[in-house]
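Within every chain, numbering begins at 1; the chains are lettered A, B, ... in the order of the sequence lines, protein sequences first and strands thereafter. Just so it is clear, the values below take in all heavy atoms, side chains as well, and ignore hydrogens, waters and symmetry mates. These numbers were taken from a predicted model, which means no experiment stands behind them.
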2 protein chains.
Amino acid sequence: MRDVAARAGVSAMTVSRVLKGNEGVGESTRQRVLRAVTDLGYRRNETARNLRLGRHSGLVGLVVTNLANPFYAQLALGAEEVVQSYGLRLVLGNTAEQLAQEKHLVQDLVARQVNGLIVVPAGSDQRHLSPGELEGTPLVLAARPPAGIEADTVLVDDFGGARAATARLVADGHERIGFLGNPPTLFTGAERFRGWWSALEEAGLRPREEWVRRGPYTVVTAEAAALELLGQEDGPSALFCANNRLTLGACRAVRGLGAAAAIAGFDDVESADLLGVPLTLAAYAPDEIGRRAAQLLVDRLEAGAATRPTGPPRRTVIPTLLAVYGR
Amino acid sequence: MRDVAARAGVSAMTVSRVLKGNEGVGESTRQRVLRAVTDLGYRRNETARNLRLGRHSGLVGLVVTNLANPFYAQLALGAEEVVQSYGLRLVLGNTAEQLAQEKHLVQDLVARQVNGLIVVPAGSDQRHLSPGELEGTPLVLAARPPAGIEADTVLVDDFGGARAATARLVADGHERIGFLGNPPTLFTGAERFRGWWSALEEAGLRPREEWVRRGPYTVVTAEAAALELLGQEDGPSALFCANNRLTLGACRAVRGLGAAAAIAGFDDVESADLLGVPLTLAAYAPDEIGRRAAQLLVDRLEAGAATRPTGPPRRTVIPTLLAVYGR
DNA sequence: CTGTTAGCGCGTTCAA
DNA sequence: TTGAACGCGCTAACAG
């Protein structure tokens, strides 16, 4: 900046003013400065700027559990879209569902003066995300609700979607419906289980624990579990699967057995209609979660800029839509 | 830091030393400082630190064309993995294949003092990524090669993969093989087209332009193009598809027609074996591109820290592996 | 309309 | 082993 000032024959202050688009600068000096800037290819140092302005970094931290899952990639895209329209950038962190990694990451991002954080929390306790620990950095939770703290949150209608998909199986005449899901310690796991259960009860059917399988499944292990359930004598004639990994595993099992079993599931699956299995999915747009989360955060940032108390935590729930394939 | 110093009864300088893990600090003062730090919940201001150290932000910019594509999400994950092991973080930018957006994004990231950039370039000319424009910020290109500039690059073996997949169709007895691909202005489009062509020539077959379709396809438009090709009288009996979107579209077409056509393609496709179409895919790990690109960048950063001239541009090519499904 | 002074939070350099 | 002075690049507040 000094160099630019020298070349334009003014002080650094004037350069600063020109670059900021400040009013009180003479048109001729203005032009001279601009010339010097382009001649020297000068650009402001954002680091110094942020320091001086006492403001944050203009960055928003996004912490997800597994970026390899297209779900979170879509979420990131949605968040990026909103955030960038406010001149902010996204800093990415992947926790691989490791709580320790999440803590570490969040602390690092706070030290980097991020304006705010969007977190898909890994554990079932988020006290390490309390305002104190975060030095008051605004926080929005995505996909999983807060536990032990209060925070703005964006959720999917896990319960409603699971219930609707299961109810669809019932409407199609299925009376023996199994459940393939996440561990109940995961919020989504518990909610989707509850949805399955409710749909059965409401139809006058008895949920049978022996047709329930829950674990940290991959497509491969889900297939094995589905094979075992569907292979039983008098076993289930249909399965509700609590996420897209499980749905794919179950489809493999159905195809492998050559069975006529139907599958309902949570999350949409690409090319579901080609899989050759009757499929009813509770679908929704993951990028919408990202967009809403980012919007919640930005609102909070702008509110915080005006007045101190920024209101109570808000919670948004994204609805699901039934998608029916392969019939 | 002053507050911590006051509480510990030392100077700010000592606090700085302790936090840096510097040697010459008495054990007792060290403990006092550490106590004060935890008592006050103090954390260093990374912004000020970066400014003072004259170093960059500790951030690496990752600019991709479409994060919604799982391909780039995997790439991002691979890059994040490497980068974080060096204490760096990834700042994300999505260009949606818009050159203007890419220019803007890159300039912004340079102003934010990123240590380096990994870019999947959108256009067919990258002069806006020259060292001058980037203020010397180290750059690695991913998935697409440099044009008009020199830069470290990580590529996939587009030519070899396309040739191998097509050759496999030939080995299976197909003599009439069509091509469904990207526009030739895209590097990958041109290379994969060349691979298809070579495989046919080497087998003594004549590539037929009337069986070539190229455009910016989605799954839906690709399906239409494939339907048209496969529906011809004496049309192709097999199709080579230059990416995963096209492969899926072609599979839909084959299934829709109830045809016996075989498909070969570039990029792996999840659950390809369930699609009910004979499929030969040139597969590779997208996250490996990210990892290599990040490694190339980090090497460059560390070399740059030591001496000025950091050697000529390097180029890595990731091999593909044939995956055969549905037979 | 423009320049001077001062300081954001830290770390390097020297002296004590 | 510890501290004081100084400056990284920028801008708010006050001159002039």
Let me confirm one number: the [atom1]-[atom2] distance from [X] to [Y], rounded to the nearest 0.5 Å.
| X | Y | atom1 | atom2 | result |
| --- | --- | --- | --- | --- |
| A:Glu46 | A:Leu53 | CD | CG | 9.0 Å |
| B:Thr316 | B:Ile289 | OG1 | CD1 | 11.0 Å |
| B:Leu92 | A:Leu92 | CG | CG | 5.5 Å |

Give one of base, sugar-phosphate or nothing for B:Thr29, where a contact means two heavy atoms less than 4.0 Å apart.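 It contacts sugar-phosphate atoms only.
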Write down the distance between [atom1] ([X]) and [atom2] ([N]), rounded to a whole number of angstrom.
| X | N | atom1 | atom2 | value |
| --- | --- | --- | --- | --- |
| A:Leu51 | D:dG7 | CG | C1' | 12 Å |
| B:Gln31 | D:dT2 | CD | P | 12 Å |
| B:Asn50 | D:dC8 | CG | C1' | 11 Å |

Donor-acceptor pair between B:His128 and B:Gln107 side chains, under 3.5 angstrom: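 Side chains of B:His128 and B:Gln107: no pair found under 3.5 Å.
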When the nearest nucleotide of DNA chain D is assigned to A:Glu46 and to B:Val25 on a heavy-atom basis, which residue is associated with the more 5' position?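 Nearer the 5' end of the strand: B:Val25.
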Would you kindly compare B:Gly26 and A:Ala48 by the position of their nearest DNA chain D nucleotide and give the one closer to the 5′ end?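 Result of the comparison: B:Gly26.
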Salt bridge (charged side-chain N to carboxylate O under 4.0 Å, His left out): pairs with one or both residues in residues 133-142 of chain B, sequence neighbours excluded: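 Output for this query lists A:Arg43-B:Glu135.
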Given D:dT1, is OP1 or OP2 found less than 4.0 Å from the side-chain N or O atoms of B:Thr14?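 It does not, given that no N or O in the side chain of B:Thr14 lies less than 4.0 Å from OP1 or OP2 of D:dT1.
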Identify, residue by residue, the members of residues 107-117 of chain A with a heavy atom below 4.0 Å from DNA chain C, and return them in order of residue number, or none.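 Residues of residues 107-117 of chain A under 4.0 Å from DNA chain C: none.
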Pick one: which of A:Leu155, A:Val154, A:Leu129 meets side-chain contact (heavy atoms from CB on, under 4.5 Å) with A:Leu141?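 Looking at A:Leu155, A:Val154, A:Leu129, the match for A:Leu141 under the side-chain contact (heavy atoms from CB on, under 4.5 Å) is A:Leu129.
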Covered region of DNA chain C, 5' end to 3' end, by chain A [heavy atoms, under 4.0 Å]: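 Contact span on the strand: C:dC1 to C:dG9.
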Under the salt bridge (charged side-chain N to carboxylate O under 4.0 Å, His left out) test, residues paired with A:Asp3 that sit two or more places apart: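 With neighbours one apart ignored, the set is empty.
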Residue list, salt bridge (charged side-chain N to carboxylate O under 4.0 Å, His left out) with A:Arg44, at least two apart or on another chain: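 Not a single residue meets the salt bridge (charged side-chain N to carboxylate O under 4.0 Å, His left out) criterion with A:Arg44.
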Can you check each nucleotide of nucleotides 11-16 of chain D against protein heavy atoms at under 4.0 Å and return B for base, S for sugar-phosphate only, - for none, in 5' to 3' order? BB----
Applying side chain to side chain contact (heavy atoms under 4.5 Å, CB included), can you list everything that pairs with [X], at least two apart in sequence or on another chain?
| X | value |
| --- | --- |
| B:Arg291 | B:Glu81, B:Val82, B:Asp287, B:Glu288 |
| A:Ala96 | A:Asn94, A:Gln98 |
| B:Asn115 | B:His56, B:Ser57, B:Leu88, B:Leu301 |
| B:Thr188 | B:Asp158, B:Asn182, B:Leu186, B:Arg192 |

Considering the terminal five base pairs at each end of the helix from C:dC1-D:dG16 to C:dA16-D:dT1, what angle separates the two local helix axes, rounded to 10°?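 The angle, to the nearest 10 degrees, is 40°.
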Taking side chain to side chain donor-acceptor pair (under 3.5 Å) as the cut-off, I'd like each qualifying pair that reaches into residues 140-154 of chain A, sequence neighbours left out, listed once.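 Matches after skipping sequence neighbours: A:Tyr72-A:Arg144, A:Glu97-A:Arg144, A:Asp152-A:Arg300, A:Asp152-A:Arg314.
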